[in-house]
Amino acid sequence: MKKLNIYIFAASVLSLSSCSDSFLNLTPETTITTETFYKTADHFEQATVASYTGLRNIALSGIFMDEMRSDNTFYTYYSGDRGPYNSTEKLALFLDDETVGWSPDRYNGVYSSIARVNTILGRLDASELTEEEKKAVRAEALFLRAFYYFDLVQHWGGVPLMLQEVTTEAEAFAAKSPVEDVYKQILTDVSEAISLGLPVASTFPQSGRATMGAAKMLRAYCYMSQPTRDYKAAEQDLKDITQMNYGLLDSYEAVFNPANKNSKESIFEVQYLEDGSNAGVHNDIPWRLIPKCSNNDFLMGITFSNYAGTSGGWCVPTEEMIQSYEPGDKRLDASIAVAEGKTDDAEQFTCEAVKTVSDFTPTTGKNFYYFIRKYYHPPYQYAGRAGDNFPVYRYAGALLLLAENLVAQNRNVEALPYINEVRTRAGLESLTSVTAEDVADEMRHELAFENHRWTDLIRTGKAIETMTEFGKTMKAKYQWILPSAFEVTGNRLVFAFPLRERQINYLLEQNPGY
């Protein structure tokens with residue numbers, strides 16, 4: 001199967017309008033329109049690959065909306081950044097509203113991807129594809145639609161269900177459906193994708209496309225996140241994954257090495273290339289995670305200002321997070337590093353050394369900043385661009401989700417082999433008994449900084465309690481945090497619908513509390 005990134009150019013095809021005719025219909029024969037495009041297998045291949053691009057928006061926005069929303073990380077406060085960055089900070093402080101950035105980008109980006117998938121599904125029957133080709137395209141498209149709606153329901157609760165290509169103005173507006181209906185649709189889509197026969201990963205590195213393992217993982221998460229849990233069904237999906245061709249890499253650090261993209265541990269990951277063109281196939285996440293630095297060529301191997309635009313100092317591991325690792329946990333130094341140097345009166349930091357965190361002792365007269373090392377692989381070839389893929393589902397995560405599942409069914413002893421397989425790779429002793437808290441703690445450290453912590457807290461019912469206590473700690477540490485921050489209630493377990501979306505869609509009611 002061809003690599004995903006080869007087809008990035010296909011995104012432009014999907015900007016074609018299907019609901020307006022050109023003046024006098026005088027379209028040159030060489031011009032591609034939606035009426036002539038969705039015909040051949042190559043057309044649908046391009047359209048399908050373009051439907052993956054929304055994953056990149058989810059990965060980037062998740063740094064702020066999932067990871068920085070949790071107790072894993074916070075941010076570096078810069079007194080001069082009280083303009084646009086103040087909006088991003090509100091996500092971590094639970095002060096966000098319908099105008100705050102990242103949330104609208106994610107919401108609109110996901111719905112754009114759903115619209116692309118709906119067009120594929122709507123045009124498939126009338127195409128020139130064979131029945132077998134149609135089945136393959138349909139399975140992949142349904143998986144993507146299910147994945148995107150799962151992202152929506154996790155972050156906004158009940159949302160409008162758009163299931164057909166929009167061809168008229170009236171079809172563009174819909175009220176939000178109940179959470180239960182959204183989950184029902186997700187399970188319908190992903191179950192059909194599974195029954196149609198997505199491929200099982202058998203050779204590595206993989207292509208980055210949807211597989212049976214990714215679909216089973218998505219369905220298991222749905223079963224374990226929906227209002228009425230179905231642990232038995234999720235257990236079967238997760239055990240099916242253990243019988244596929246996945247496995248843990250020998251080294252935790254190796255999992256995130258760009259040389260090991262789409263490895264046997266990868267079930268699904270967002271694809272990137274460190275590319276010098278403007279094709280949009282790179283990511284800039286590492287540049288956002290390092291501290292703002294006057295000499296970031298020292299850190300990154302190439303000069304690029306991360307003081308504005310793609311700014312640094314975000315998603316900073318907390319001291320509590322660092323101290324929470326068990327002694328000897330190999331994941332600590334693989335996940336977090338320390339930048340040490342000097343900061344002048346204008347808050348300009350000059351980095352002098354990058355150090356490991358497990359044995360770090362601050363140097364007198366020097367400043368230091370923790371940062372996420374997982375996606376830090378210099379030297380980079382292009383300024384502000386990196387090619388690290390971003391993990392979505394890993395085999396280690398499947399083992400831990402299965403352990404969580406079995407503990408929830410009061411079958412704790414059966415969960416031990418799965419959690420201990422992960423702990424052994426991390427250099428830790430095997431547990432002789434396991435609780436739900438043990439599994440949650442293991443997930444926190446194994447999947448740290450992979451945009452899972454916030455939704456994990458919600459799924460396990462610990463979000464309000466954990467983040468309220470975290471807020472007390474942060475307020476005691478930083479006197480500049482407003483008293484109104486960290487008022488974590490049930491309403492704050494979902495985000496506000498973007499203001500612009502509600503102005504356009506008159507049927508969309510705002511979530512309570514915003």
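Predicted model, so just to flag it, every value in this text is computed and none were measured.
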**Prompt:** Given S311 and Y78, is the side chain to side chain contact (heavy atoms under 4.5 Å, CB included) satisfied, shown in steps?
**Reply:** CA-CA 11 Å; S311 60; Y78 297 99; over 6 Å; no
Short side-chain donor-acceptor distance under 3.5 Å, [Y] and [X]:
{"X": "E421", "Y": "T424", "result": "no"}
{"X": "T99", "Y": "D97", "result": "yes"}
{"X": "Q271", "Y": "N262", "result": "yes"}
{"X": "S51", "Y": "S113", "result": "no"}
{"X": "R145", "Y": "N118", "result": "yes"}
{"X": "R219", "Y": "S191", "result": "yes"}

**Request:** Under the salt bridge (charged side-chain N to carboxylate O under 4.0 Å, His left out) rule, what do R453 and E67 come out as? Steps first, then yes or no, please.
**Result:** CA-CA 6 Å; R453 179 61 173 171; E67 201 61 49; over 6 Å; no
Considering only distance and modelled atom types, tabulate donor-acceptor pairs under 3.5 Å from the side chains of residues 504-514, sequence neighbours left out.
| residue | atom | partner | partner atom | Å |
| --- | --- | --- | --- | --- |
| N505 | OD1 | L507 | N | 3.1 |
| N505 | ND2 | A174 | O | 2.9 |
| Q510 | OE1 | F497 | N | 2.7 |
| Q510 | NE2 | E98 | OE1 | 2.9 |
| Q510 | NE2 | F497 | O | 3.0 |
| N511 | OD1 | K176 | NZ | 3.0 |
| N511 | ND2 | W156 | O | 3.2 |
| N511 | ND2 | F495 | O | 2.8 |
| Y514 | OH | V494 | O | 2.6 |

To check you understand the geometry: which heavy-atom pair defines the closest contact between [X] and [Y], and what is its length?
{"X": "A59", "Y": "Y272", "value": "CB-OH, 3.7 Å"}
{"X": "I372", "Y": "L289", "value": "CB-CD1, 3.9 Å"}
{"X": "F470", "Y": "S70", "value": "CE2-O, 3.9 Å"}
{"X": "G490", "Y": "I464", "value": "N-CD1, 3.7 Å"}
{"X": "L428", "Y": "P327", "value": "CD2-O, 3.9 Å"}
{"X": "A496", "Y": "S103", "value": "O-OG, 3.8 Å"}

Under 3.5 Å, side chain of [X] to main-chain N/O of [Y], donor-acceptor pair present?
{"X": "K374", "Y": "A448", "answer": "yes"}
{"X": "Y252", "Y": "L332", "answer": "no"}
{"X": "N306", "Y": "C293", "answer": "yes"}
{"X": "R425", "Y": "L249", "answer": "yes"}
{"X": "Y52", "Y": "A210", "answer": "yes"}
{"X": "R229", "Y": "M224", "answer": "yes"}
{"X": "N420", "Y": "L431", "answer": "yes"}

**Message:** Can you pull out every side chain to side chain donor-acceptor pair (under 3.5 Å) where at least one residue sits in residues 472-481? Sequence neighbours excluded, please.
**Reply:**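 The answer is E469-K472.
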So, [X] and [Y], do they make that salt bridge, N to O below 4.0 Å?
{"X": "E265", "Y": "R394", "answer": "yes"}
{"X": "R106", "Y": "D66", "answer": "yes"}
{"X": "R373", "Y": "E253", "answer": "yes"}
{"X": "D181", "Y": "K184", "answer": "no"}
{"X": "K261", "Y": "E269", "answer": "no"}
{"X": "R459", "Y": "E404", "answer": "yes"}

Atom pair [atom1]/[atom2] of [X] and [Y] - distance to nearest 0.5 Å:
{"X": "Y107", "Y": "S112", "atom1": "OH", "atom2": "OG", "value": "11.0 Å"}
{"X": "L238", "Y": "L401", "atom1": "CG", "atom2": "CG", "value": "5.0 Å"}
{"X": "L457", "Y": "M443", "atom1": "CG", "atom2": "CE", "value": "11.5 Å"}
{"X": "L493", "Y": "M467", "atom1": "CG", "atom2": "CE", "value": "11.0 Å"}
{"X": "T318", "Y": "N72", "atom1": "OG1", "atom2": "CG", "value": "7.0 Å"}
{"X": "C315", "Y": "Y75", "atom1": "SG", "atom2": "OH", "value": "13.0 Å"}

**Listed once per pair and sorted, the salt bridge (charged side-chain N to carboxylate O under 4.0 Å, His left out) pairs that draw on residues 332-342, sequence neighbours left out** =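 Every salt bridge (charged side-chain N to carboxylate O under 4.0 Å, His left out) pair that includes a residue of residues 332-342, provided the two are not neighbours, is E340-K355.
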**Message:** Applying salt bridge (charged side-chain N to carboxylate O under 4.0 Å, His left out) as the test, list every pair that has at least one member in residues 300-322; sequence neighbours left out.
**Reply:** E320-R444
**Asked** Is there any ring pair (Phe, Tyr, Trp, His ring centres under 6.0 Å) pair reaching into residues 394-418, and which pairs are they, with sequence neighbours excluded?
**Response** none
**Message:** According to ring pair (Phe, Tyr, Trp, His ring centres under 6.0 Å), does anything in residues 316-350 pair up with another residue at least two apart or in another chain? List the pairs.
**Reply:**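 Qualifying pairs, neighbours excluded: Y325-H445, F349-Y369.
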Given the side-chain rings of [X] and [Y], with only the six-membered ring counted for Trp, is the space between their centroids under 6.0 Å?
{"X": "F368", "Y": "F360", "value": "yes"}
{"X": "F268", "Y": "F143", "value": "yes"}
{"X": "Y375", "Y": "F390", "value": "yes"}
{"X": "F304", "Y": "Y380", "value": "no"}
{"X": "Y111", "Y": "Y148", "value": "no"}

**Message:** As a quick check of understanding, evaluate side chain to side chain contact (heavy atoms under 4.5 Å, CB included) for T468 and F486, giving each step before the final call.
**Reply:** CA-CA 6 Å; T468 297; F486 289 104; over 6 Å; no
**Item:** Option passing side-chain contact (heavy atoms from CB on, under 4.5 Å) with W102 (candidates N57, L91, D96)
**Value:** L91
**Request:** Applying salt bridge (charged side-chain N to carboxylate O under 4.0 Å, His left out), run through E446 and R423 and close with a yes or a no.
**Result:** CA-CA 9 Å; E446 177 65 31; R423 288 177 59 83; over 6 Å; no
**Request:** For side chain to side chain contact (heavy atoms under 4.5 Å, CB included), just list the numbers for Q409 and K232, CA-CA rounded to whole Å, side-chain angles, deciding distance to a tenth of an Å, and then say yes or no.
**Result:** CA-CA 8 Å; Q409 297 183 68; K232 290 299 295 182; 2.9 Å; yes
**Request:** Taking atom CD of E429 as the centre, report whether more than 12 heavy atoms of other residues, nucleotides or ligands fall under 6.0 Å from it.
**Result:** no
**Asked** Is the cationic atom of R69 (NZ for Lys, CZ for Arg) positioned less than 6.0 Å from the six-membered ring centroid of W454 and within 45 degrees of its normal?
**Response**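 Judged by the rule (NZ or CZ under 6.0 Å from the ring centre, within 45° of its axis), R69 counts as positioned above W454.
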**Item:** R411 vs E235, side chain to side chain contact (heavy atoms under 4.5 Å, CB included): CA-CA, chis, key distance, verdict
**Value:** CA-CA 12 Å; R411 293 158 57 192; E235 178 190 346; 2.8 Å; yes
